[in-house]
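Structure first, commentary second.
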Amino acid sequence: MLLGPFAGLPLPLLPAQILWINLLTHGLPGVALGGEPTVPGAMTDPPRPPSQSILGAGLWQRVIRIAVILTTVTLGIAIWAAATARPWQSMAFFALGATQLGVALGSRTRPGTLANPMLLLAVAGAFILQLAALYLPPLRQLLSTQPLNAGDLLIVTALSVLGYAAARLDRILHPTPRPQEPQPAITEGDQQPSRAFRP
């Protein structure tokens, strides 16, 4: 939203469109992602340090890296669509929602399995609702969207897969460090006394 005007897009997304995307991507998929099984061996790891931030262990860096991908895909599609006289705002709207759903799938701890089928159903349902926002007249009127032709829809959907790819690649290149056992502090009383000299 901040970078759009610098790219010639006065209002990349309308307030209602932003609210729709937030509800869609952070609603059912977010709840379902909370039921994702933990990584194997997680219960044998020591607890994280109490002083560690919620965004610790490299999480805030991951948020920034994924946000850069989301921004690049969304604005890239919008700029290209505006330059080619396409409904750029609707394409940006669909791209941002679909790319975030891809990130949700890419954030799984056990990708490629049916360990959490509710997440797959939630993402599929959210994707269908995102499509409905483009093609159902009541939602189009509510969200001020325009329908996309088959070619434009295919292009945006294909590029939205970059959200999944970015999330998976980030987890591979920057794995979350496992908690380490704290080293006990050595006090003066814990030190072993040296052996006395014996003649």
Side-chain angles (χ1 to χ4, degrees), residues 1-4 6-9 11-14 16-30 32-33 36 62-137 139-140 143-174:
M1 296 301 294
L2 295 176
L3 296 178
F6 294 98
L9 308 174
L11 193 61
L13 293 175
L14 300 176
Q17 295 173 348
I18 297 174
L19 180 60
W20 175 269
I21 291 175
N22 285 338
L23 291 174
L24 214 62
T25 59
H26 300 159
L28 290 178
L33 191 60
E36 185 73 11
R62 177 171 295 171
V63 169
I64 292 177
R65 290 190 293 265
I66 297 299
V68 168
I69 299 299
L70 291 172
T71 302
T72 302
V73 171
T74 303
L75 286 183
I77 289 175
I79 293 171
W80 170 75
T84 54
R86 287 174 163 84
W88 63 268
Q89 192 174 64
S90 294
M91 294 180 72
F93 164 75
F94 184 79
L96 181 58
T99 306
Q100 289 195 52
L101 294 177
V103 171
L105 289 177
S107 300
R108 301 184 63 196
T109 55
R110 301 182 185 182
T113 70
L114 296 177
N116 186 8
M118 293 307 298
L119 177 61
L120 302 179
L121 293 175
V123 169
F127 185 79
I128 292 173
L129 288 174
Q130 189 73 357
L131 286 172
L134 295 178
Y135 297 103
L136 286 184
L139 290 178
R140 285 174 48 195
L143 300 171
S144 301
T145 58
Q146 298 174 259
L148 306 181
N149 62 44
D152 291 342
L153 182 64
L154 182 60
I155 291 173
V156 177
T157 302
L159 291 176
S160 297
V161 176
L162 291 174
Y164 174 83
R168 292 307 312 154
L169 188 62
D170 192 86
R171 293 181 71 91
I172 294 172
L173 297 180
H174 306 280

Partner residues of [X] under the side-chain contact (heavy atoms from CB on, under 4.5 Å) criterion, sequence neighbours left out:
| X | answer |
| --- | --- |
| Ile18 | Met1, Leu13, Asn22 |
| Ala132 | Leu136, Leu139 |
| Leu28 | Ala122 |

If I compare all heavy atoms of [X] with all of [Y], which pair ends up nearest, and what's the gap?
| X | Y | result |
| --- | --- | --- |
| Ala78 | Ala92 | CB-CB, 3.8 Å |
| Ser160 | Ala98 | OG-CB, 3.5 Å |
| Gly163 | Val103 | O-CG2, 3.5 Å |
| Gln146 | Ser90 | N-OG, 2.8 Å |
| Ala115 | Arg108 | N-NH2, 3.8 Å |
| Leu101 | Pro29 | CD2-CG, 3.9 Å |

inquiry  = For residues 68-80, which residue pairs pass the side-chain hydrogen bond (donor to acceptor under 3.5 Å, both in side chains) check, not counting sequence neighbours?
reply    = none

task = Please collect all side-chain hydrogen bond (donor to acceptor under 3.5 Å, both in side chains) contacts where either partner lies in residues 118-137, sequence neighbours excluded, each pair once.
result = Trp20-Gln130

Roughly how far, to the nearest 0.5 Å, is the [atom2] atom of [Y] from the [atom1] atom of [X]?
| X | Y | atom1 | atom2 | answer |
| --- | --- | --- | --- | --- |
| Leu96 | Ile21 | CG | CD1 | 4.0 Å |
| Asn116 | Leu33 | CG | CG | 7.5 Å |
| Leu153 | Leu131 | CG | CG | 6.0 Å |

task = For residues 68-84, pull every pair meeting salt bridge (charged side-chain N to carboxylate O under 4.0 Å, His left out), keeping only residues two or more places apart or in separate chains.
result = none

query = Any salt bridge (charged side-chain N to carboxylate O under 4.0 Å, His left out) pairs touching residues 84-98, not counting sequence neighbours?
reply = Arg86-Asp152

request  = I would like to know whether Leu162 and Thr99 meet side-chain contact (heavy atoms from CB on, under 4.5 Å); could you show each step before the answer?
outcome  = CA-CA 7 Å; Leu162 291 174; Thr99 306; 5.7 Å; no

query = Checking Gln17 side chain against Thr145 main chain: does a donor-acceptor pair fall under 3.5 Å?
reply = no

key: Test side chain to side chain donor-acceptor pair (under 3.5 Å) applied to Trp88 - qualifying residues, sequence neighbours left out   = none

message = Suppose we screen for side chain to side chain donor-acceptor pair (under 3.5 Å). Which residues come up paired with Thr25, at least two apart in sequence or across chains?
response = Gln100

task = State which residues pass salt bridge (charged side-chain N to carboxylate O under 4.0 Å, His left out) with Asp170; sequence neighbours excluded, sorted by chain then number.
result = Arg62, Arg65

Residues which pass salt bridge (charged side-chain N to carboxylate O under 4.0 Å, His left out) with Arg168, listed by chain and number, not counting sequence neighbours = none

message = Just checking Leu2: does its CG atom have more than 12 heavy atoms from other residues, nucleotides or ligands closer to it than 6.0 angstrom?
response = no

key: Evaluation steps, side-chain contact (heavy atoms from CB on, under 4.5 Å), between Leu14 and Phe93   = CA-CA 9 Å; Leu14 300 176; Phe93 164 75; over 6 Å; no

inquiry  = Run Phe94 and Ile77 through side-chain contact (heavy atoms from CB on, under 4.5 Å) and show every step you take.
reply    = CA-CA 10 Å; Phe94 184 79; Ile77 289 175; over 6 Å; no

ask   = Which residue pairs pass the ring-ring contact (aromatic ring centres under 6.0 Å, His included) test when at least one of the two sits in residues 147-170, sequence neighbours left out?
value = none

